[in-house]
Each structure stands twice: as C-alpha cells, then as structure tokens.
J.: 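Sharing a structure, written as structure tokens. Questions coming.
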Amino acid sequence: MKKSLLSVGVLIVLLLAACGGSEFDDEIEEVIDLYKNDDSAMMWMDEEQITRDNADISVYEGGRYIKIGFFDLEDEDKTVRHEFYERSGDSYEWLPRMNQTDDRLGLADRKPDYQE
C-alpha cells in the first residue's frame, strides 16, 4: 500500500512539474527525440514509455548538459537508466561512457539548474 501511495505521489509531482513548463522545454524535447532514435536505448523499453511524463530529467550549466532517464512502467522497483547529453552547437549529442556510475564530469555533485 505504501509503495502504491508513494508511486502515485511521485507521478503527481512529475506531472505538476512538467505542466509548469520551463525555459528548457525545447532542449528537453530534442533530447527525448534523440533517445527515441537510439537503438541501444530502445532495447530495454517500449517507445510508448519514452515520454516526458515518464522521465527523470536534470538540466545543468544553463542547458549545456541534460541527464535523462525513463521509468519502467512494468517494474516500479527497476533502477532508472540515465543517459547524458551535451549541447554541441545548435543540437545535442549523447555522451558515451557517461552514466550514473561513471560520472566523469561530476554532474551528480552539482545542483541542476532545472529538474523534473
């Protein structure tokens, strides 16, 4: 029962945060599209699960870096797999060898500029 209430609470918070909008909306949507087009990311979940409402998103350094992960809707205990993207010119590129266990840029120790 506690897990259900906690899950509902988390989803409500995420929905409210997403509804407020941010100055990083376009950048976040671009990264979600990049993620959807990444075959290796798509190996572990269905495309319909890859939505902003189902995402854990953090934006760093004024939008230079975006960390994004998606919740597995079928297994609420599954750890979210995060990917990092860096702005390169006018678009974003996936950062290889950069994840929550190998945070070579130290982003986990920084406060995000925006989070949802």
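Quick note: numbers below take in every heavy atom, side chains included, and nothing from hydrogens, waters or symmetry partners. Position 1 is the first residue of the sequence; numbering continues from there.
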J.: Restricting to non-hydrogen atoms, name the atom on K36 and the atom on I50 that form the minimum distance, rounded to 0.1 Å.
T.: CE-O, 3.0 Å
J.: Quick one: pull up CZ in F24 and CD1 in I57 and give me the separation to the nearest 0.5 Å.
T.: 12.0 Å
J.: State the CD1-OH distance between I66 and Y85, to the nearest 0.5 angstrom.
T.: 10.0 Å
J.: Indicate the atoms forming the closest heavy-atom contact of Y35 with I68, along with that distance.
T.: CD1-CG2, 4.4 Å
J.: Taking all non-hydrogen atoms of both residues into account, name the closest pair between A55 and F70 and its distance.
T.: CB-CE2, 3.6 Å
J.: Side chains of E61 and R87: closer than 4.5 Å at any heavy-atom pair?
T.: no
J.: Before giving the answer on side chain to side chain contact (heavy atoms under 4.5 Å, CB included), spell out for E83 and V31 the whole-Å C-alpha distance, their side-chain angles and the decisive distance to 0.1 Å.
T.: CA-CA 10 Å; E83 299 289 343; V31 167; over 6 Å; no
J.: Out of curiosity, F71 CZ to T51 OG1, how far, rounded to the nearest 0.5 Å?
T.: 10.5 Å
J.: Identify the two heavy atoms, one from F84 and one from K67, that lie closest to each other, and give their separation to 0.1 Å.
T.: CZ-CD, 3.3 Å
J.: About how many Å separate CD of E86 and OG of S91, when rounded to the nearest 0.5 Å?
T.: 11.0 Å
J.: Rounded to the nearest 0.5 Å, what's the gap from CG on D103 to NE2 on H82? Could you check?
T.: 11.5 Å
J.: Tell me, with the steps shown, if I28 and E116 meet side chain to side chain contact (heavy atoms under 4.5 Å, CB included).
T.: CA-CA 11 Å; I28 291 169; E116 60 179 71; 4.3 Å; yes
J.: Is D25 salt-bridged to R52, going by a charged N under 4.0 Å from an acidic O?
T.: yes
J.: Looking only at heavy atoms, what is the nearest atom pair of Y92 and E27, with distance?
T.: OH-CG, 3.3 Å
